[in-house]
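Quick note on labels: first sequence line is chain A, next is B, and so on, each numbered from 1. All values derive from a computational prediction rather than experimental measurement.
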Amino acid sequence: MSWRQISPKVRTRFAPSPTGYLHVGGARTALYNYLYAKKNGGEFILRIEDTDEARSTEESLKMVIQDLVWLNLLWDEGPDAGTLKDQGPVGPYRQSQRLSLYKDVADKLLAEGKAYYCFLTDEEIEAQRQAAMAAGRPPHVNSPYADWSLEQARAKIAEGGKAVVRYKTKHLKKDYVIQDLIRGEVKFPSDMVGDFVLLRTGGMPVYNFCCVVDDHLMRITHVLRAEEHLSNTLRQLMIYEAMNWPVPEFGHVSLVLDEDRQKLSKRKGAVSCNQFREEGYLAEAVENFIALLGWSHPEGKEIMSMKDMEEAFSTDRLNAAGAVFDRVKLKWVNAMHLRALPEAELWAMVQPFLAKAGVQTPADPAWRERSLKVFKTSMELLADAVPLYSLLDDGKFTVLPEAEEALGWETSKAVVGAWRDLIAAHGREDFTEEEFLKIQDEVKNRSGAKGKNLFMPVRVAVIGKPHGTELKILVPLMSQQSLLRRADQVLARWN
RNA sequence: GUCCCCUUCGUCUAGAGGCCUAGGACAUUACCCUUUCACGGUAAAUACGGGGGUUCGAAUCCCCCAGGGGACGCCA
C-alpha cells in the first residue's frame, strides 16, 4: 500500500445499487460525499453498483436518479440524469459495463498466485460454516483448491467445472490499519476474513472487488460510506495491497437507525426519499435534517441551506455513533424551511398538492402570495396547504360537527343573520381588514353578542368551524359572493 | 460464536483535562401574547452506561465490564 497522491483534486463518489428507492441513509451518504467535494472544490461522481443481477433493475436506477435530482445532489460524472448515458472521462459508470476491467485485474491476481479458482459448492461451504460455528471458529471457507495450480484449475474448468475466483488470505498474517476520517485508527487482523470471492461463477465481480477496482480507476480520493462497510474495508485493503494501488481516505459514517435503534433498512421500507417528497417535504429540509444526523455545524446552526452546508462541511465534525431518525424534528426543520421560502416560490411547490386534492383557488398571483403569507405559519408540510385552502374553496364548504355547540348559543342566529345582512350591504366584491373589523363591530351592536359568542358563530359562517385562522386575515381573502353563500347555508339551519 | 465499531437529556447534538453547578435544538410542561386555533415569546424539567485507574483536577486520557450496533454471502 502506498500513499501516492491519487488525484490532485478531491474526488468523491456515491455508489448506490439500484435495488429499490433511495432511502434516507443512502441520501445522507450521498449528501456527505457531495458536500465534501463541493467544500474542497472537488468532483462528485455517481457510480452504479449493479453487479447483483437478481436484484438490480433499470426501474430502480431511474428512481434513485430521480431522487438524487430531487435532492439536487448533481454529479459531475456518471450516468446522465436524463438519458442515462455516461458522462465523464473514466466511464463506464455502471459496473455491469465494466466487466472486462474486473476480469483483467482478477487475471493478474490469478497469474500472480494471489487468487485462485475455487470449485466448492454451496452445500460444501454451508457444511463448513456449520462445522466452524459449532467448533467456535469463525465461519470462513477453507478451500482445498487454494493450492491448485492455475493449469490444474483451468483443466477442470475446461471439463465444465464451475468456479469462483477467491482471494488468498491464509498467508497474510498481520494487522491492516486505516486512519479513518471519523473513527481514527482502526486495526483489522487479517484472519478476520477468510478467502473471499472476487468473481462469481458467471464472472460477475463481487462488491468488495469492483469497489476497489473502480475507486482506483476512477481516481476516488475520499470514500465516505456507511459504517456497515467498515469490516469490508479489510478485504479492500488486501486488494489494494496486492495491486500496489494507493489507498483512498476512508470515513465510515454512523448508521441511521429507526426508533428501535435498529438499522434503517430499505427492506424494512417506509424511509424512501420519494416518500418524503410525496408527503410534502422540501428537498433542502430533508437534506438539512439528515445532515444533522451525524454531523453538526461548527456554530451549532440548525437550520441551513445547501449553501450553508457546503461552506461549513468537514469530516472532523462527523459523529461516530449511530443516530435515530426523528420524524418529529424532521417536520420542524421542514416547517422552518417552508416559512423561509418566498411566497411565489412556495406557491409553485404547493400548487401540485392542491391540484391533486382538487382544491380550487383564484388565479391571481397577488392573492396567492397574500394567502400563503397567512397560511405558511400553520404549515409544516406542503400537503398541509390542502386543508387550509379547502377552507377558501366554496365547493368544499361544509359546517363541521364541531361547530354545533357554537351554533346552539341563543344569540348565534342573530349573529349570523346580522353578519349576512352586513356582507350583503357591502358595496364591493372584496373586503379590507378594516372593513371586516367594522362589520364585525356592527354585528356585535346588532346582535348584542360579544366574546366567543360573537366570534365563533361568525367563524362558523365563514369557514364552517369555530376555530382556525383569524377572520380579519381570512375574510380579506374571500369574496362577498362566497361569504354570502356560506352565511346563507348556515342560516338555512334555522329555517 | 469470532472480529470490528459505538455509548452525553426521550431524540439529534456541543464538549478535544480546569471556561461544565454540562450548552443548544426537537419533543414535553407551565406561563405570556392572542376575545378561537396556530405563530411568537419566556421559563421549567430531563443526560456524561457501570467500575477501576492516571492527574492537584476527567464528560474529556487509559483499562475492564455491561449494553447497543455492524460484519462474518457467488448482497451491497
Side-chain angles (χ1 to χ4, degrees), chain A residues 15-19 26 49-56 95 118 120-122 125-126 129 132-141 162-166 180 182-183 186-189 191-194 196-208 210-211 225-235 252 254-255 257 259 261-263 266-267 289 292-303 316-317 319-333 335-336 339 374-379 406 450-456 458-459 465-471:
Chain A
S17 58
T19 57
E49 308 218 326
D50 56 352
T51 55
D52 184 347
E53 294 170 293
R55 296 200 298 139
S56 299
Q95 293 184 328
C118 174
L120 246 24
T121 63
D122 286 348
I125 292 170
E126 186 52 29
R129 273 182 61 87
M133 294 276 260
R137 279 181 287 116
H140 300 153
V141 294
K162 295 259 177 282
V164 300
V165 174
R166 280 186 194 278
D180 192 276
I182 299 160
R183 280 148 221 278
V186 182
K187 256 186 222 164
F188 308 96
D191 59 7
M192 203 173 130
V193 294
F196 55 93
V197 172
L198 262 23
L199 256 31
R200 295 178 245 228
T201 316
M204 194 56 102
V206 137
Y207 168 74
N208 282 300
C210 36
C211 182
R225 56 166 39 154
E227 187 196 341
E228 54 189 331
H229 290 296
L230 186 56
S231 36
N232 283 325
T233 309
L234 172 58
R235 295 180 178 78
H252 289 90
S254 63
L255 258 20
L257 310 172
E259 290 80 350
R261 296 212 140 260
Q262 303 286 73
K263 174 165 76 155
K266 66 168 91 174
R267 259 155 277 177
F289 175 73
L292 257 13
L293 254 31
W295 178 76
S296 58
H297 185 102
E299 285 143 42
K301 241 175 150 174
E302 301 260 355
I303 299 301
D316 52 10
R317 296 193 67 83
N319 212 317
V324 172
F325 190 83
D326 180 0
R327 283 144 201 292
V328 177
K329 187 156 183 179
L330 202 212
K331 265 197 179 176
W332 173 77
V333 171
M336 299 315 274
R339 268 174 233 181
V374 175
F375 284 152
K376 71 177 180 181
T377 51
S378 40
M379 289 169 59
K450 58 182 181 183
K452 69 175 186 177
N453 290 299
L454 170 66
F455 291 92
M456 288 193 172
V458 174
R459 184 172 284 108
K465 57 179 190 174
H467 302 288
T469 315
E470 276 188 87
L471 288 179

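For B:U54, there is no paired nucleotide, since no Watson-Crick or G-U wobble pair has both relevant distances below 3.5 Å. The nucleotide B:U2 finds its pairing partner in B:A71, both defining distances of the Watson-Crick or G-U wobble pair being shorter than 3.5 Å. Using N1 to N3 plus N6-O4 or O6-N4 for Watson-Crick, or N1-O2 and O6-N3 for G-U wobble, each under 3.5 Å, B:A38 pairs with nothing. Partner assigned to B:A25 is B:U11, using Watson-Crick or G-U wobble distances below 3.5 angstrom. Remark: B:U60 base-pairs with no nucleotide in the shown strands. Criterion, Watson-Crick or G-U wobble with two distances under 3.5 Å. The partner of B:A16 is absent, by the rule that a Watson-Crick or G-U pair needs both atom distances under 3.5 Å. Pairing for B:C48 is absent, with no Watson-Crick or G-U wobble pair whose two atom distances lie under 3.5 Å.
In this structure, the CG atom of A:L255 is 14 Å from the P atom of B:U7, given to the nearest Å. Distance, A:R183 CZ to B:C6 C1': 7 Å, rounded to whole Å. Between A:R129 atom CZ and B:U2 atom C1' the separation is 12 Å, expressed in whole Å. If you measure from atom CD of A:E470 to atom C1' of B:G40, you get 13 Å, rounded to the nearest angstrom. If you take CD of A:E126 and C1' of B:C74, they are 13 Å apart, rounded to a whole angstrom. In this entry the distance linking CZ of A:F289 with P of B:C12 reads 9 Å, nearest Å. Atom pair A:H229:NE2 and B:A71:P shows a separation of 9 Å (rounding to whole Å applied). For the pair A:H140 NE2 and B:G1 C1', the interatomic distance rounds to 11 Å; values are reported in whole Å.
In this structure, A:A323 and A:A15 both approach RNA chain B, and ranking their closest nucleotides by distance from the 5' end singles out A:A323. Between A:R459 and A:H297, the residue whose closest nucleotide on RNA chain B is further toward the 5' end is A:H297.
Phosphate proximity of B:C6 to A:N319: absent, as no side-chain N or O sits under 4.0 Å from OP1 or OP2. Taking only side-chain nitrogens and oxygens, A:R55 never comes nearer than 4.0 Å to OP1 or OP2 of B:C74. Contact check, A:R327 against B:C12: no side-chain N or O comes under 4.0 Å of OP1 or OP2. At least one side-chain nitrogen or oxygen of A:S296 sits closer than 4.0 Å to the OP1 or OP2 atom of B:A14. Residue A:S254 places none of its side-chain N or O atoms closer than 4.0 Å to OP1 or OP2 of B:G69.
Nearest nucleotide to the A:R261 side chain, out of B:U11, B:C3, B:C26: B:U11. Distances from the side chain of A:K329 to the nucleotides B:C74, B:G24, B:C5 place B:G24 closest. Among the nucleotides B:C5, B:G70, B:G24, the one closest to any side-chain atom of A:V186 is B:C5. With distances taken from any side-chain atom of A:P139 to the nucleotides B:C6, B:G1, B:C26, the minimum falls on B:G1. Of the candidate nucleotides B:A14, B:C12, B:A76, B:C12 has the atom nearest to the side chain of A:L292. Of the candidate nucleotides B:G73, B:U36, B:A27, B:G73 has the atom lying nearest to any side-chain atom of A:V197. Of the candidate nucleotides B:A25, B:A76, B:C74, B:A76 has the atom lying nearest to any side-chain atom of A:Y207. Closest to the side chain of A:S378, out of B:C74, B:A27, B:A38, is B:A38. Set against B:C5, B:A27, B:C39, the side chain of A:T377 has B:C39 as its closest nucleotide.
Taking the P atoms as reference points, B:C20 lies 34 Å from B:C33, given to the whole Å. Spacing of C1' atoms, B:G51 relative to B:A71, comes out at 29 Å, to the nearest Å. Using P as the reference atom, B:A58 and B:G53 are 12 Å apart when rounded to the nearest Å. Between B:G50 and B:C9, the distance separating the two P atoms is 10 Å to the nearest Å. Taking atom P on both B:C62 and B:U7, the two are 12 Å apart, rounded to the nearest angstrom. Here, B:C72 and B:C64 have their P atoms 26 Å apart, quoted to the whole Å. For B:A30 and B:A14, the P atoms lie 31 Å apart once the distance is rounded to whole Å. On the P atoms, B:C19 is 16 Å away from B:C61, given to the nearest whole Å.
Within 6.0 Å of atom CD in A:E53, 12 or fewer heavy atoms from other residues, nucleotides or ligands are found, so the atom counts as exposed in its surroundings.
Within the nucleic acid shown, A:D191 has no heavy atom closer than 4.0 Å to any nucleic acid atom. Nucleic acid contact for A:E49: sugar-phosphate only, since backbone atoms but no base atoms lie under 4.0 Å from a heavy atom of the residue. A:G451 comes within 4.0 angstrom of a nucleotide base, judged by non-hydrogen atoms across all strands. Contacts of A:G294 with the nucleic acid, taken as non-hydrogen atoms under 4.0 Å apart, involve only primed sugar atoms and P, OP1 or OP2. In this structure, A:L198 reaches neither bases nor backbone, as no heavy-atom distance under 4.0 Å exists between it and the strands shown. Using a 4.0 Å heavy-atom criterion, one finds that A:R235 contacts the sugar-phosphate atoms exclusively. Among the protein residues, A:K331 comes within range of no part of the nucleic acid, since none of its heavy atoms lies under 4.0 Å from any strand.
A:E302 and A:K329 are joined by a salt bridge, as a carboxylate oxygen and a charged side-chain nitrogen come within less than 4.0 angstrom of each other.
A:F325 places a side-chain heavy atom less than 4.5 Å from the side chain of A:F289.
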Using the side chain to side chain contact (heavy atoms under 4.5 Å, CB included) rule, take A:H252 and A:R183 through it: C-alpha gap first, then chi angles, then the decisive distance, then the call. CA-CA 7 Å; A:H252 289 90; A:R183 280 148 221 278; 3.8 Å; yes

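You'll find a donor-acceptor pair under 3.5 Å spanning the side chain of A:E302 and the base of B:G24, going by distance alone. No hydrogens or angles were tested; on distance alone, a donor-acceptor pair under 3.5 Å links the side chain of A:N232 to the base of B:A76. For B:C74, the base has a donor-acceptor partner in the side chain of A:T201 [N/O atoms by modelled type, under 3.5 angstrom].
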